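Beneath this line is the structure, given in structure tokens, with notes to follow.
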Amino acid sequence: MSSLDKKDVAKVASLARIKMSDEELEKYGPQLSNIIQFVEQLAEVDTDNVEPLASVVDLNLSLRTDEVTDGNIQEDILANAPETLEGFFVVPKVVE
Amino acid sequence: MINLTHMTMAEAIKGLKNKDFTSVEITRAHIEAMEAAKHLNAYITETPELALKQAQESDKRRAGGNAGELEGIPLGIKDLFCTRNVQTTAGSHILEGFTPKYESTVTQKLWDAGAVMLGKLNLDEFAMGSANTTSYYGNVINPWRRDGEPNTDLVPGGSSGGSASATAAHLCMAATGTDTGGSIRQPASFCGITGIKPTYGRCSRWGIVAFSSSLDQAGAFARNVEDAAILLKSMCGHDPKDSTSAKKDVPDFAAALADQDIKGLKVGIPKEYRMDGMPEEIEKLWDQGVEWMKDAGAEIVDVSLPHTKYALPTYYIIAPAECSSNLARYDGVRYGLRVEGEDLNDTYSNTRAAGFGDEVKRRIMIGTYALSSGYYDAYYIKAQKVRHLISEDFMKAYEKCDVLLTPTAPSAAFAIGENEDDPIKMYLNDIFTVPASLAGLPGMSVPAGLDANGLPLGLQILGRPWDEETVLRVSQSIEKAANFTAKPALLQEKQAA
């Protein structure tokens, strides 16, 4: 049975890009461990020779023509951005 | 004088056609009802001005002889459907103020059919929850009350709690919802109304804020089976913008209800759903449902769905895994909240820490863990394999029967705050709805009786893939036998006043 200690939770939170205080790391540890232990029941199911099911609908994905179907909507795309400049999204400086 | 908020949608469609009243009149009546029931917190964003404008246009279209199938009908829209120029929050702080520049395919279809939007309905944050207590915009309150407990606020179920509460309280004629693991059927049961989730692929997911893409499916809430059938028809259909939407003709669901005879139909009773510790009244209601089916001439067949007990653990790997991937888009760059940090990574982490609530963080972290290197096969692939077995269970059962009859939820609505101490306890609410979601099957909840406290309980009818018509016909048969006429406390008070 897996259980997540504070260090594990910190690693997962960092992978998920969610900042967490020490207090939160303590709080989520047991909760996540409980859920992980709950889902680990699956280990008892015999799934040899069973294919993973990714989609329930028996659909053949169809190809569409490779052509532009919209465009010229720069304003719409930027309309909800927290910060824009001259038609671009603005992010904090990435390269020193 | 007709009460304009108390008719069924079918009656309203007829009355509008006969010019007994106008869409503006019905719309105004609903806006007044919304004003008077703000304490339910069913709507996150009310759009009365837009609604009246749409209603006026609708009345004009009708006068011009161009009435659509939902012409002039005022609806509530779950705030998970993107609506052009109307704030769409998904119940989350991270999307507060987000105002899409496009319309979801499903809502576009409703407006094309002539419907009117009253507003955006509250929901659990990103549709993650079973009690509508995880919304950043506050809890939704169920219009029903336990007998003798007029001051105890009950949950409406979730995640489509606002849709269920508003429909039950007559704050809209019907509403859209989405169902990932039970988010239409369970709240419908808690609020004493009907709710149908069609087969995965019936409705386009384009423009619906994504939670778990292999499970999410839109559906309809209404106060009876016929209205749900009418609304559902206008929501369905192939959409090139969603590669998982099916290229199938949409049946006239309401027309299928004309055939009320279910004689000879085989109704399966899955033995694994008779769980240890199931409340006696739920079992009694289920037995009653079986009797109603027999009385209607259906044949009862015992069936087995052997992997039922693994459905919830499977769901709680697949849904969080897909959610962690889908919600990676909330980075504070292109839309929504941004909380600045020292560098880009810090900005991401600050934004997501401030923008997501507890339950969403929990699920993102479970999903991130399940998908992380070294665990992917043990959790995610394993869950997909068990999902295959769960789906096969249903297909085998459908060799022996046409539909399945089960309770919708293991309890009636509970009080706000109950079941909150342990996430898994909350997850058990969806024990009867999750398996069919994993298999992508159509399912409907119909109000069938009251518990000892006077609260509604629903029965669930599950069908074969693409066979919503039989689900609806059996639901109608139960509706007729149950003759469910009880009304929520809120409406009784109003009528007494």
Side-chain angles (χ1 to χ4, degrees), chain A residues 2 4 8-9 11-21 24 27-28 31-32 34-62 64 69-70 73 75-84 89-94 96, chain B residues 97-102 199-201 214 240 243-244 246 307 309-310 312-314 316-317 324 331-338 340-341 343-350 352-353 356 361-362 364-366 368-369 372 379 381-389 391 422-424 438-440 465:
Chain A
S2 307
L4 280 76
D8 300 324
V9 180
K11 189 186 166 211
V12 174
S14 146
L15 286 173
R17 300 288 186 274
I18 300 174
K19 191 170 278 180
M20 281 202 181
S21 64
E24 284 177 294
K27 181 182 83 176
Y28 282 114
Q31 290 182 356
L32 298 183
N34 276 346
I35 299 171
I36 293 293
Q37 278 162 23
F38 175 67
V39 301
E40 280 181 347
Q41 299 174 53
L42 295 189
E44 68 195 52
V45 185
D46 179 1
T47 51
D48 289 350
N49 305 316
V50 179
E51 284 294 310
L53 182 72
S55 171
V56 287
V57 271
D58 213 5
L59 292 175
N60 293 320
L61 291 182
S62 56
R64 65 170 174 82
T69 53
D70 62 6
I73 49 169
E75 266 181 41
D76 285 355
I77 288 169
L78 295 173
N80 281 285
E83 194 183 349
T84 62
F89 295 111
V90 176
V91 296
K93 200 170 166 186
V94 180
E96 289 302 326
Chain B
F98 173 62
T99 308
K101 291 290 162 191
Y102 53 90
T199 313
Y200 180 88
S214 77
S243 61
T244 62
H307 296 89
K309 74 176 264 214
Y310 300 110
L312 273 181
T314 300
Y316 277 98
I317 293 173
S324 75
D331 56 6
V333 173
R334 290 156 299 157
Y335 35 74
L337 183 75
R338 175 191 290 192
E340 300 286 349
D343 53 27
L344 187 59
N345 256 322
D346 205 40
T347 298
Y348 292 154
S349 306
N350 285 344
R352 292 162 65 80
F356 293 138
K361 286 180 186 170
R362 255 195 303 273
I364 290 176
M365 289 204 290
I366 289 291
T368 304
Y369 179 75
S372 63
Y379 291 110
I381 298 294
K382 180 78 183 183
Q384 284 190 319
K385 287 181 176 176
V386 180
R387 185 177 184 183
H388 202 151
L389 296 172
S391 174
D422 173 6
I424 291 175
L438 289 168

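Each chain gets a letter, A, B and so on, in the order the sequences are listed, and its residues count up from 1. It should be emphasised that the depicted structure is a prediction, and the values quoted were computed from it without experimental measurement.
Heavy-atom pairs under 4.5 Å with chain A were tallied for B:Asp343, B:Thr347, B:Ile381, B:Asn345; the largest tally goes to B:Asn345. Ranked by heavy-atom pairs shorter than 4.5 Å toward chain B, the options A:Arg64, A:Lys93, A:Glu83 are led by A:Glu83. Comparing B:Tyr316, B:Phe356, B:Tyr335 by how many heavy-atom pairs each has under 4.5 Å with chain A, the most go to B:Tyr335. Between chain A and the residues B:Asp331, B:Val386, B:Ile364, B:Leu337, the most heavy-atom pairs under 4.5 angstrom are made by B:Val386.
Interatomic distance, CG of B:Leu344 versus CZ of A:Arg17, reported as 9.0 Å (0.5 Å rounding). The OH atom of B:Tyr369 sits 5.0 Å away from atom CG of A:Leu4, with the distance rounded to the nearest 0.5 Å. The CD atom of A:Glu51 sits 11.5 Å away from the CG atom of B:Leu389 when rounded to the nearest 0.5 Å. To the nearest 0.5 angstrom, B:Ile366 atom CD1 is 9.5 Å from A:Asn34 atom CG. Atoms CE and OH, on B:Met365 and A:Tyr28 in that order, are 5.5 Å from each other to the nearest 0.5 Å. Note that NZ of B:Lys385 and CG of A:Asp48 are 7.5 Å apart. Values are rounded to the nearest 0.5 Å.
In this structure, B:Gln384 and A:Ala54 approach most closely via the heavy-atom pair NE2-CA, 3.6 Å. Across every non-hydrogen atom of A:Leu42 and B:Ala383, the tightest pair is CD1-CA, 3.9 Å. Here the closest non-hydrogen pair linking A:Ala16 and B:Thr368 is CB-OG1, 3.6 Å. The heavy-atom pair separating A:Pro82 from B:Arg334 by the smallest distance is CD-C, 4.1 Å. The minimum heavy-atom distance between A:Lys19 and B:Ala353, with the atom names listed, is O-CB, 3.3 Å. Heavy atoms only, all atoms of each residue included: A:Val56 and B:Gly440 are closest at CG2-CA, 3.8 Å.
Looking at B:Pro240, neither its backbone nor its side chain comes within 4.5 Å of chain A, counting heavy atoms on both sides. Heavy atoms closer than 4.5 Å to chain A are found in both the backbone and the side chain of B:Thr314. Interface remark: A:Glu75 contributes no atoms to any contact with chain B (heavy atom separation under 4.5 Å). Residue contact with chain B, scored on non-hydrogen atoms closer than 4.5 Å, involves the backbone and the side chain of A:Ala13 alike. The parts of B:Leu312 that come within reach of chain A are both its backbone and its side chain, each placing non-hydrogen atoms under 4.5 angstrom from that chain. For A:Lys11, no part sits under 4.5 Å from any heavy atom of chain B, backbone or side chain. Residue A:Asp8: no heavy atom, backbone or side chain, is found under 4.5 Å from chain B. Proximity to chain A (any heavy atom under 4.5 Å) is shown, for B:Tyr102, by neither the backbone nor the side chain. For chain A, the nearby part of B:Ser372 is the side chain; its heavy atoms alone come within less than 4.5 Å. Within the 4.5 angstrom heavy-atom criterion, atoms from both the backbone and the side chain of A:Val12 approach chain B.
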| Going through the checks in order, is the side-chain contact (heavy atoms from CB on, under 4.5 Å) test met by B:Arg362 and A:Ile35? | CA-CA 10 Å; B:Arg362 255 195 303 273; A:Ile35 299 171; 4.1 Å; yes
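Taking the side chain as every heavy atom from C-beta outward, A:Val45 and B:His307 approach each other to under 4.5 Å.
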